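Working notes for the structure below.
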Amino acid sequence: MASSKTLLITGVSSGFGRALAQEALAAGHRVVGTVRSEQAQRDFEALHAQAVARVLDVTDFDAIDAVIADIEASVGPVDVLVNNAGYGHEGVMEESPLAELRKQFDVNVFGAVAMMKAVLPFMRAQRRGHILNITSMGGYITMPGISYYCGSKFALEGISEALGKEVAPLGIAVTAVAPGSFRTDWAGRSMMRTPRSIADYDAIFDPIRQAREEKSGKQLGDPHKAARAMLAAIEAETPPAHLLLGSDALGLVRGKLAALEQEIGAWESVTISTDG
Ligand code: NAP
């Protein structure tokens, strides 16, 4: 077995967070997981002797530093932080209130950044550590009806990649993990759906909403296989800055990059006409 590590994973009540915690515990690691209720805390700690839970909403920014300091003092140094907590907002952009955009970014972006800021001083002191940010294929490709979600995941991809360049000289690796569609609670209980109000968008959006509802629970990806892939990245000598998970993510992201390359080429002469 590879050396035992302490993983801090946000959002271990279900989905990827739960699966990664279970696979990591089975592989001999210790897991501190965050949850949002005392019941979920008891459920998580009942999984395994090496499972520790802390109640934390990642948007409770003022509470994060103390929770991390307490984990470092009472459990031990965090070797790996996994920013997994997040959710999807679904809604046509024009129909979706700005308050929903703020909420989406508070959880998916500000929460993840606040966690990284709290953990980094400890990782820097040790000159080692690994941060995994769970983004999405929606951090590369976009679809109508999830503009706020894609915006949040593009943001986390960008922050993750830039941070990786800042902390690599300090012995800390940062990996943005971008899954395709997986069988978690993402499109079910966790999704925030803005109600419809503008008939002009019926044709483009209604089939998308319906298809996502119907597919929930039947997606291609297995979260436990994703968890094992993440553990492989954690064990890697040189962890990747970006890791796609799922053949759907692979095909769609490659398609996006090819289309982008083609458009860049088509407009190249205009692009370079602005120099000088
Ligand atoms: P999930 O089963 O709904 O799990 C989401 C987890 O995040 C839950 O533990 C939830 O806690 C927690 N959470 C949500 N908001 C939180 C907050 N404000 N503070 C703390 N915890 C919070 O869905 P999942 O698919 O595993 O989602 C995990 C991550 O994967 C998300 O970032 C999601 O965007 C990303 N992702 C999912 C897919 C997919 O197809 N499933 C694809 C790409 C990316 P509660 O139980 O308390 O709600």
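Note that ligands are numbered from 1 as they come in the structure, with each ligand's atoms numbered from 1 the same way. These numbers were taken from a predicted model, which means no experiment stands behind them. Computed from heavy atoms alone, side chains included, the values below leave out hydrogens, waters and symmetry copies.
By the criterion of a heavy-atom distance under 4.0 Å, the side chain of Lys153, and not its backbone, is placed next to ligand 1. Residue-level proximity to ligand 1 for Asp185 is carried by backbone and side chain together, each with a heavy atom below 4.0 angstrom. Contacts of Arg189 with ligand 1, taken as heavy-atom pairs under 4.0 Å, involve the side chain alone. Only the backbone of Leu56 comes within 4.0 Å of ligand 1, judged by heavy-atom distances. Contacts with ligand 1 closer than 4.0 Å are made by backbone heavy atoms (N, CA, C, O) of Thr135 only, the side chain lying farther away.
Atom 38 (C) of ligand 1 has Phe16 CE1, 3.6 Å as its closest protein atom, hydrogens excluded (heavy atom only). The protein atom (non-hydrogen) at minimum distance from atom 4 (O) of ligand 1 is Ser14 OG, 3.4 Å. The nearest protein atom to atom 5 (C) of ligand 1, hydrogens excluded, is given as Gly86 O, 3.7 Å; this is a heavy-atom distance. From the protein, the heavy atom lying nearest to atom 41 (N) of ligand 1 is Thr184 OG1, 2.8 Å. Here the protein heavy atom with the shortest distance to atom 46 (O) of ligand 1 is Ser13 OG, 2.5 Å. Distance from atom 19 (N) of ligand 1 to its nearest protein heavy atom, with residue and atom name: Val58 N, 3.0 Å. At the top of the distance list for atom 3 (O) of ligand 1, counting protein heavy atoms only, stands Ser190 OG, 2.4 Å. Among protein heavy atoms, atom 42 (C) of ligand 1 sits closest to Gly180 O, 3.0 Å.
Using a non-hydrogen distance threshold of 4.0 Å, Thr34 does not register as a contact of ligand 1. Contact between Asn84 and ligand 1 is present, with at least one heavy atom of the residue lying under 4.0 Å from the ligand.
Ser14 and Arg189 are linked by a side-chain donor-acceptor pair at a separation below 3.5 angstrom, with hydrogens and angles left out of the test. In summary, the side chains of Gln39 and Asp43 do present a donor paired with an acceptor at a separation below 3.5 Å, with no hydrogens or angles considered. Remark: the Arg54 side chain and the Ser74 side chain contain an N/O donor-acceptor pair separated by less than 3.5 Å. Side-chain N/O atoms of Glu161 and His242 include a donor and acceptor closer than 3.5 Å. No hydrogens or angles considered: nothing links the side chains of Gln104 and Glu100 as a donor-acceptor pair under 3.5 Å.
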* **Pair Val174-Glu166, side-chain contact (heavy atoms from CB on, under 4.5 Å): steps then yes or no** => CA-CA 10 Å; Val174 183; Glu166 292 172 357; over 6 Å; no
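Screening residues 114-163 for ring-ring contact (aromatic ring centres under 6.0 Å, His included) gives His89-Tyr148, Tyr149-Trp186 as the qualifying pairs, with residues at least two apart or on separate chains.
Checked against a 3.5 angstrom limit, the closest N/O atoms of Met137 and ligand 1 fall outside it. The shortest N/O to N/O separation between Tyr87 and ligand 1 does not fall below 3.5 Å. Remark: ligand 1 and Thr59 share no N or O pair separated by less than 3.5 Å (distance only, no angle test). Considering both main-chain and side-chain atoms, Phe182 comes within under 3.5 Å of ligand 1 through a nitrogen or oxygen pair. Taking any N or O of Gly11, backbone or side chain, at least one lies under 3.5 Å from an N or O belonging to ligand 1. Ligand 1 has a nitrogen or oxygen under 3.5 angstrom from a nitrogen or oxygen of Arg36. Between Ser181 and ligand 1, a contact under 3.5 Å exists for no N or O pair.
Looking only at side-chain heavy atoms (C-beta outward), Leu20 and Leu231 come within less than 4.5 Å of each other. Residues Glu157 and Asn133 fail the side-chain proximity criterion, which asks for heavy atoms closer than 4.5 Å.
Annotation for Arg196: atom CZ counts as buried by contact number, over 12 foreign heavy atoms lying within 6.0 Å. The environment of Ile204 atom CD1 is sparse: at most 12 non-hydrogen atoms of other residues, nucleotides or ligands sit within 6.0 angstrom.
Side-chain atoms of Lys218 come within 3.5 Å of backbone atoms of Glu214 as a donor-acceptor pair (strictly under, hydrogens ignored). Side-chain atoms of Arg228 never come within 3.5 Å of backbone atoms of Glu23 as a donor-acceptor pair (strictly under, hydrogens ignored).
Every atom of ligand 1 is numbered from 1 in the order shown, and the set under 4.0 Å from a heavy atom of Gly15 is 2 (O), 26 (O). Residue contact check: Tyr149 has heavy atoms under 4.0 Å from atoms 33 (C), 34 (O), 35 (C), 36 (N), 43 (C), 44 (C) of ligand 1.
Residues Val31 and Ile9 come closest through the heavy atom pair CG1-CD1, 3.8 Å.
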